[in-house]
Amino acid sequence: MFKPAPARPAQLKRVEESTAKSREIGAALRRARKKSNLTQADICRLLGWGAPRASRMESGQREGSVLDVVTYLAGARTAPAEFERLKKLAESSPNGYDLQRHPEGMPDLLPTLDFLHASAKTMTFYEPRRIPSLLQSEQYAEVMLRHNRNPKDPLVKEAVQARLSRQEILKGAKKDFATTFYIDEVALHDSAMRDILDEQLLQLTITSGVPHCHVHIIPSDSFDEDFQTAFGFFEDYEGNSVLAVHTAAAMLVLEDAEDMAPYLRKLSELRETALSEQESTEKINSAVRL
């Protein structure tokens, strides 16, 4: 029978430190929740989490990622000083990733996505074959979110409003804030969006003229059929970076450099093949006139 090798003293020390940190954070999360007169059920409903997740974090059985911790603290309306203390404690040994489930095609309902956008100094997005979410018109967003759903699904309206509200970050830019969007040229001629595409392209033209918004078109002859994953890269004002990868039913948030590497290589490829901002604006304007 296979027997695991005994842990060395250094490994035991790391395990003990991690356990102690998890318990300290868990106790603080519990205090913050109770101070706000919230139950675990309230927090789970607010954050869209399952009950076991919150319970394990509060008990110290699960060492939540930095994003888990700050999302929980924000939901519990934690005082700024305690928020910063626990954020730094959580950052002292990041798990490297976090998986957050959401209704199919609706990452907009995740509070973590709001946190990432609000705290970012720079953001870079690529969503194959479509206009990125932060640049979508209301009609375009609604068509995207209603795909494969019941037309009367109340979550659609909620997700559309969440997406539009998040776009406000582009209007009141903070110091040194910048956002880069890579958009496939095929998205400018999407026949499935024919009835609403002109309005969407006009909005795209306006946004591309905002100084801190950098829009680059990926020419059709450079489109990579083998890469179909939407993702966003976020860097904050303290030099931290995370990468959010979107699947149909979950958002995977990566913090480890090795895990982010394939997507950062993709961004490097996009930079090499993308048109300049001026050329991209010309492409968009040309598409509007068609």
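In what follows, every heavy atom counts, from backbone to side chain, and hydrogens, waters and symmetry copies are set aside.
- Between the side chain of His216 and the backbone N or O of Leu275, at least one donor-acceptor pair lies under 3.5 Å.
- Note on Asp236 versus Lys121: no salt bridge recorded, every NZ/NE/NH1/NH2 to OD/OE distance being 4.0 Å or above.
- Other residues, nucleotides and ligands place more than 12 heavy atoms under 6.0 Å from the CD atom of Gln228.
- Residues Ser276 and Glu279 meet the side-chain proximity criterion, which asks for heavy atoms closer than 4.5 Å.
- Looking only at distances, no side-chain donor or acceptor of Ser241 sits under 3.5 Å from a matching main-chain atom of Glu235.
- Atom CZ of Arg163 and atom CG of Asp108 lie 4.0 Å apart (nearest 0.5 Å).
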Would Tyr237 and Phe177 count as a ring-ring contact (aromatic ring centres under 6.0 Å, His included) here? Give the steps.
CA-CA 9 Å; Tyr237 284 83; Phe177 174 77; 8.1 Å; no
Side chain to side chain contact (heavy atoms under 4.5 Å, CB included) evaluation trace for Tyr126 with Phe227
CA-CA 11 Å; Tyr126 177 56; Phe227 192 95; 3.9 Å; yes
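- Here Phe234 and Phe125 bring their ring centres to under 6.0 angstrom of each other.
- Side-chain atoms of Glu58 and Arg33, non-hydrogen and from C-beta on, do get closer than 4.5 Å to each other.
- Note: Ser119 OG to Ile169 CD1 = 9.0 Å, rounded to the nearest 0.5 Å.
- Residues Asp68 and Met57 have side chains in contact (heavy-atom distance under 4.5 Å, counting atoms from C-beta outward).
- Counting only distance, with no hydrogens or angles, the side chain of His117 and the backbone of Leu113 share a donor-acceptor pair below 3.5 Å.
- A side-chain donor-acceptor contact under 3.5 Å links Gln136 to the backbone of Ile131.
- Of all heavy-atom pairs between Met251 and Ala244, the closest is SD-CB, 3.9 Å.
- Counting only residues at least two apart or in different chains, salt bridge (charged side-chain N to carboxylate O under 4.0 Å, His left out) contacts with residues 128-147 comprise Glu127-Arg130, Arg129-Glu225, Glu142-Arg146.
- Checked against salt bridge (charged side-chain N to carboxylate O under 4.0 Å, His left out), Glu269 has the following partners two or more places apart in sequence or in another chain: Lys266.
- Rounded to the nearest 0.5 angstrom, Asp184 CG and Ile217 CD1 are separated by 8.5 Å.
- With a 4.5 Å cut-off between side-chain heavy atoms of Ile, Leu, Val, Met, Phe, Trp and Tyr, the cluster of Leu109 takes in Met106, Leu145, Leu155, Val156, Val160, Leu164.
- Although no hydrogens or angles enter the test, the distance criterion places no donor-acceptor pair under 3.5 Å between the side chain of Arg101 and the main chain of Ala250.
- Nearest heavy atoms, Leu201 versus Ile284: O-CG2, 3.7 Å.
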Go through the steps to decide whether Leu252 and Thr247 satisfy the test side chain to side chain contact (heavy atoms under 4.5 Å, CB included), and finish with yes or no.
CA-CA 8 Å; Leu252 178 63; Thr247 70; 5.7 Å; no
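- Residue His102 comes nearest to Ala248 through the heavy atom pair CE1-O, 3.4 Å, listed as atom of the first residue, atom of the second, then distance.
- The backbone N or O of Thr205 lies less than 3.5 Å from a partner atom in the side chain of Ser208, making a donor-acceptor pair.
- For the pair Tyr140/Leu135, no side-chain contact is recorded, criterion being any heavy-atom separation below 4.5 Å from C-beta on.
- Between Cys44 and Ala51, the closest heavy-atom pair is SG-CA, 3.7 Å.
- A distance of 11.5 Å separates CZ in Phe223 from CD in Glu185, rounded to the nearest 0.5 Å.
- Taking the side chain to side chain donor-acceptor pair (under 3.5 Å) definition, one finds that Thr39 meets it with Asp42, sequence neighbours left out.
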Are Gln200 and Gln139 close enough, and set up right, to give a side chain to side chain contact (heavy atoms under 4.5 Å, CB included), and what steps lead you there?
CA-CA 8 Å; Gln200 172 61 73; Gln139 284 186 309; over 6 Å; no
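- In the hydrophobic clustering (ILVMFWY side chains linked at under 4.5 Å, chained through shared members), Val210 stands by itself.
- Separating the OG1 atom in Thr124 from the NE2 atom in His214 is a distance of 9.5 Å, to the nearest 0.5 Å.
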Using side chain to side chain contact (heavy atoms under 4.5 Å, CB included), reason through Val69 and Ile25 one step at a time and then give a plain yes or no.
CA-CA 8 Å; Val69 173; Ile25 291 176; 4.0 Å; yes
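- The closest donor-acceptor contact from the side chain of Thr78 to the backbone of Ala32 lies at 3.5 Å or more, if one exists at all.
- In terms of heavy-atom proximity, Pro132 sits nearest to Phe181 at CB-CD2, 3.8 Å.
- Distance check: Thr281 OG1 to Leu204 CG gives 8.5 Å after rounding to the nearest 0.5 Å.
- Closest heavy-atom contact between Leu134 and Met123: CD1-CE, 3.9 Å.
- In this view, Glu84 satisfies the side chain to side chain donor-acceptor pair (under 3.5 Å) rule with no residue, not counting sequence neighbours.
- Between Arg149 and Glu104, no side-chain nitrogen of the basic residue sits less than 4.0 Å from a carboxylate oxygen of the acidic one, so the salt-bridge criterion is not met.
- Under a hydrophobic-cluster definition in which Ile, Leu, Val, Met, Phe, Trp and Tyr are linked whenever side-chain heavy atoms come within less than 4.5 Å, directly or via other members, Leu202 and Ile183 are assigned to the same cluster.
- The closest donor-acceptor contact from the side chain of Asp224 to the backbone of Asp226 lies under 3.5 Å.
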